[in-house]
Amino acid sequence: MTYRIALNFEDGETRFIACNPGEKVLDAAYRHKINLPMDCSDGVCGTCKCRCEQGDYDLGDDYIDDALTQAEADERIVLTCQMTPSSDCIIAVPLPSTACKVKPAAYEGVITAVETASDSTIVLRLALDNPTALNFLPGQYVNLGVPGAGQHRSYSFSSKPGASEASFLIRNLPGGLMSGWLTGKAAVGDRMTFFGPSGSFFLRPVDRPVVMLAGGTGLAPLLSMLEVLADQGSDQPIHLIYGVTHDGDMVETDRLEALQSRLPSLTWAACVANDASQHPLKGYVTHHLADEHLNAGDCDIYLCGPPPMVEAVRLFLRDKGVTPAHFHYEKFAPSETEKVAA
Ligand code: FES
């Protein structure tokens, strides 16, 4: 038995390594040809400090206080040269992946479907060549190559980790490089390559109520998270508000209903911003975010949408005087080539 350790680098790149029982994380990383920061390898210098975001571990008592103080240890700061995992872990590494000699990881798959799911959204499905080789955290994205163009675009998985088929929600942009290729040239059976995974917008342990806010194709990473939560089960209330601009933009509502039947603590609502909408719920997601969902701030918020939506929600919370326990967000630019997570 080995533990699966996700190393999430400062630039968002993530690599997964297998750590043997009793093995130090630094040694396991080295075995996988990843050079985590280190100097003494002996618990003395503190150079290998990282933060363990999730999982259980033992640091032993062979390191000195100059390398890691008790206050740091209490904050889950770890010395990877001393850290022995006792479960799967997620470790935030305070350096870019390139500084640790992390090589780009490429994956390939074959198109099984390109569906025009709404006026503005394409659902892309890929059968993965080697599904077991692809690890990612629910909510993360990859850089998907546009065949023949020598360029890539960033998209979050809407599928869950471990599935044999990866799916993505692609915004159908007029003149868009990826959407133009998908609608004009792509065919079932075409091969696609992607690199990653990346991003610090991923699901954390659910130990308080969760609010999920999606704008347009920002629904994708939240679907991936909900698939995992539906498999795991959760007693905590989870409320999703999905906002789109026009009635014809809405997608994946059948899937949300299916998720709700598998995850009874999930509730969700969809709203449409356009004044001319025929939808029963109009307006922005903030118009439908009630006090009961925010639970006086004792909630974790996950938000994925365009930058103005992120700012609008931030201002809404400030004006209400609500400070959520955690506010995880990912902004995507209209071209979807850039993502910014926090
Ligand atoms: Fe020096 Fe870990 S490498 S304390």
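Hydrogens, waters and symmetry mates are skipped; everything else that's a heavy atom, side chains included, is used. Counting starts at 1 for both ligands and their atoms, following the listed order. The shown structure was predicted, so the numbers you read here are calculated from the model rather than taken from an experiment. All residue numbers refer to positions in the sequence shown, counting from 1.
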| query | So does Glu75 have more than 12 non-hydrogen atoms from other groups sitting under 6.0 Å from CD? | reply | no
Atom pairs and distances, donor-acceptor, side-chain atoms in residues 121-132, under 3.5 Å, two or more places apart:
{"unit_1": "Thr121", "atom_1": "OG1", "unit_2": "Ser118", "atom_2": "OG", "d": "3.3"}
{"unit_1": "Arg125", "atom_1": "NE", "unit_2": "Glu115", "atom_2": "OE2", "d": "3.4"}
{"unit_1": "Arg125", "atom_1": "NH2", "unit_2": "Glu115", "atom_2": "OE1", "d": "3.4"}
{"unit_1": "Asp129", "atom_1": "OD1", "unit_2": "Arg191", "atom_2": "NH2", "d": "3.0"}
{"unit_1": "Asp129", "atom_1": "OD2", "unit_2": "Arg191", "atom_2": "NH2", "d": "2.1"}
{"unit_1": "Asn130", "atom_1": "OD1", "unit_2": "Thr132", "atom_2": "OG1", "d": "3.0"}

| Would Asp249 and Ser120 satisfy side-chain hydrogen bond (donor to acceptor under 3.5 Å, both in side chains), going step by step from the backbone distance to the final call? | CA-CA 5 Å; Asp249 293 334; Ser120 58; 2.8 Å; yes
| request: Give a yes or no on whether Tyr107 atom OH has more than 12 heavy-atom contacts from other residues, nucleotides or ligands under 6.0 Å away. | output: yes
| By salt bridge (charged side-chain N to carboxylate O under 4.0 Å, His left out) - contacts of Glu165 (at least two apart) | none
| task | Go through the structure and list residues passing salt bridge (charged side-chain N to carboxylate O under 4.0 Å, His left out) with Glu311, not counting sequence neighbours. | result | Arg314
| query | So what's near atom 1 (Fe) of ligand 1, protein N, O or S atoms under 2.8 Å? | reply | Cys40 SG, Cys45 SG
